[in-house]
Visitor: 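This is the structure, below, for whatever I ask next.
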Amino acid sequence: MDDGDRRIGVRQENNRGMAPPQKERTPFSDIDGLTAQMSEMVLAALTEMGRHPEIRRVRRTGFDALRPALGARLLDAGSGSGEVARRLAAEVGPRGEVIALDHSAAITAAAVSRHDNSNVEYVTGDVCALGLPGDCVDGVWCERVLQHVDDPDRAIAEMRRVTRPGGRICLIDTDWDSLAFDGVPRALQDTVLGYVNRHFTPPYRDMGRTLRRRLVAAGVTGLTATPVTMLFGSPDSAAVVLPMVNPRVPEDAWRTPPGLRDEWLAHVEAAGARGDFLAVLTIWVVAGSV
Ligand SMILES: C[S@@+](CC[C@H](N)C(=O)[O-])C[C@H]1O[C@@H](n2cnc3c(N)ncnc32)[C@H](O)[C@@H]1O
């Protein structure tokens with residue numbers, strides 16, 4: 001940690017180098033490896049997502065499941081821009097604290113720049129190899145992170161290790177296989193998704209619906225599993241969460257044959273203009289006790 005890091009309150013986790021590399025890359029699995037332009041887009045996307053009413057609905061379900069108590073010490077594993085960590089800090093009050101941990105130094109610096117003087121400590125580190133001692137937190141929040149890591153079960157074991165007996169773990173993740181559209185031609189949709197699913201969605205497309213099984217295997221008890229189906233009634237609303245309907249995603253990122261992207265987006269726009277565009281995607285909120 002150099003002086004610059006100390007000034008902005010970023011600590012580097014000791015064990016970061018022990019984790020296996022995240023071989024299957026998505027933009028969110030290696031933000032620091034992106035171009036500056038893409039990295040800014042990712043940060044803007046996270047910020048916009050945090051404001052979306054459907055993501056807020058998912059988070060409300062998560063807060064109810066985690067039940068953060070006054071004075072608690074919590075870990076937000078894969079904390080992105082730190083928005084949820086600061087919300088959690090407000091919930092646990094001045095005698096509680098939140099460790100906001102993320103793999104990306106760039107996103108952590110952005111989170112620090114948005115700090116609001118709540119009790120949040122920003123840390124760079126790997127959820128698959130946490131440098132924290134055992135039993136040191138009362139609860140863990142991990143939202144839309146496990147779909148991007150190489151070894152989600154190792155990450156869950158790490159979260160369980162650092163949570164004290166009786167503490168809570170709340171995992172939130174997407175079931176990309178649940179993605180469905182209406183108002184656009186089905187065959188075209190299948191063709192486009194056949195191309196872009198390989199790089200717009202992570203390798204663990206089923207992460208959301210596997211969370212419960214993974215927590216059972218990790219010995220977490222008293223589980224609740226809540227599927228929250230997000231509904232997007234317009235292309236603009238959907239584009240905040242779904243890259244495959246977002247015309248702002250740079251053309252070269254699509255890797256579709258010439259013309260296909262434009263044809264698809266024209267149909268999406270036309271459905272929006274007619275008022276019959278619809279997209280749905282289920283996110284799972286799964287929580288339990290250690
Ligand atoms: C989709 S973003 C979600 C961020 C935040 N949880 C939210 O809901 O806004 C995924 C985040 O996980 C982080 N991440 C990816 N792999 C990680 C790892 N192995 N350890 C810690 N963080 C990781 C990324 O840097 C990114 O900030």
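Atoms within a ligand are numbered from 1 in the order they appear, just like the ligands themselves.
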Visitor: Test of understanding: clusters of I, L, V, M, F, W, Y form through side-chain heavy atoms closer than 4.5 Å, transitively. Do Leu193 and Phe200 belong to the same one?
Guide: yes
Visitor: Evaluate Asp102 for polar contact with ligand 1, using N/O atom pairs at a separation under 3.5 Å.
Guide: yes
Visitor: Test of understanding: given a 4.0 Å heavy-atom threshold, classify the contact between Val149 and ligand 1 as side chain, backbone, both, or neither.
Guide: side chain
Visitor: Can you name the atoms of ligand 1, numbered from 1 with element, that are less than 4.0 Å from a heavy atom of Glu143?
Guide: 3 (C), 5 (C), 6 (N), 8 (O)
Visitor: Between Glu158 and Arg161, is the closest basic N to carboxylate O distance under 4.0 Å?
Guide: yes
Visitor: Could you measure the distance from the CG atom of Asp182 to the CD atom of Gln189? Nearest 0.5 Å is fine.
Guide: 9.0 Å
Visitor: Is there a heavy atom of Arg154 sitting under 4.0 angstrom from any atom of ligand 1?
Guide: no
Visitor: Please tell me whether Arg168 and Ser289 have a donor and an acceptor in their side chains that are separated by less than 3.5 angstrom.
Guide: yes
Visitor: Could you check whether any heavy atom of Ser81 sits closer than 4.0 Å to an atom of ligand 1, since that is the contact criterion I want to use?
Guide: no
Visitor: Going by the atom numbers of ligand 1, which of them fall below 4.0 Å from some non-hydrogen atom of Asp126?
Guide: 18 (C), 19 (N), 20 (N)
Visitor: Indicate yes or no: does an N/O atom of Gly78 lie under 3.5 Å from an N/O atom of ligand 1?
Guide: yes
Visitor: Between Thr174 and Arg205, does any side-chain donor sit less than 3.5 Å from a side-chain acceptor?
Guide: no
Visitor: Flag Val127 as yes when one of its N or O atoms lies below 3.5 Å from any N or O atom of ligand 1, and as no otherwise.
Guide: yes
Visitor: Does an N or O from Arg144, backbone or side chain, lie closer than 3.5 Å to an N or O of ligand 1?
Guide: yes
Visitor: Taking only heavy atoms of Gly80 into account, list the atoms of ligand 1 that are under 4.0 Å away from them.
Guide: 4 (C), 27 (O)
Visitor: Answer yes or no: is there an ion pair linking Asp153 with Arg214, defined by an N-O contact shorter than 4.0 Å?
Guide: yes
Visitor: Salt-bridge test for Arg59 and Glu54: reply yes if a basic N is under 4.0 Å from a carboxylate O, no otherwise.
Guide: no
Visitor: Taking atom types as modelled, is there a side-chain donor on Thr282 or Thr229 under 3.5 Å from an acceptor on the other?
Guide: yes
Visitor: Out of all atoms in ligand 1, which are within 4.0 Å of some heavy atom of Gly125? Include the element for each.
Guide: 20 (N), 21 (C)
Visitor: Taking only heavy atoms of Arg59, which atoms of ligand 1 are found under 4.0 Å from at least one of them?
Guide: 7 (C), 8 (O), 9 (O)
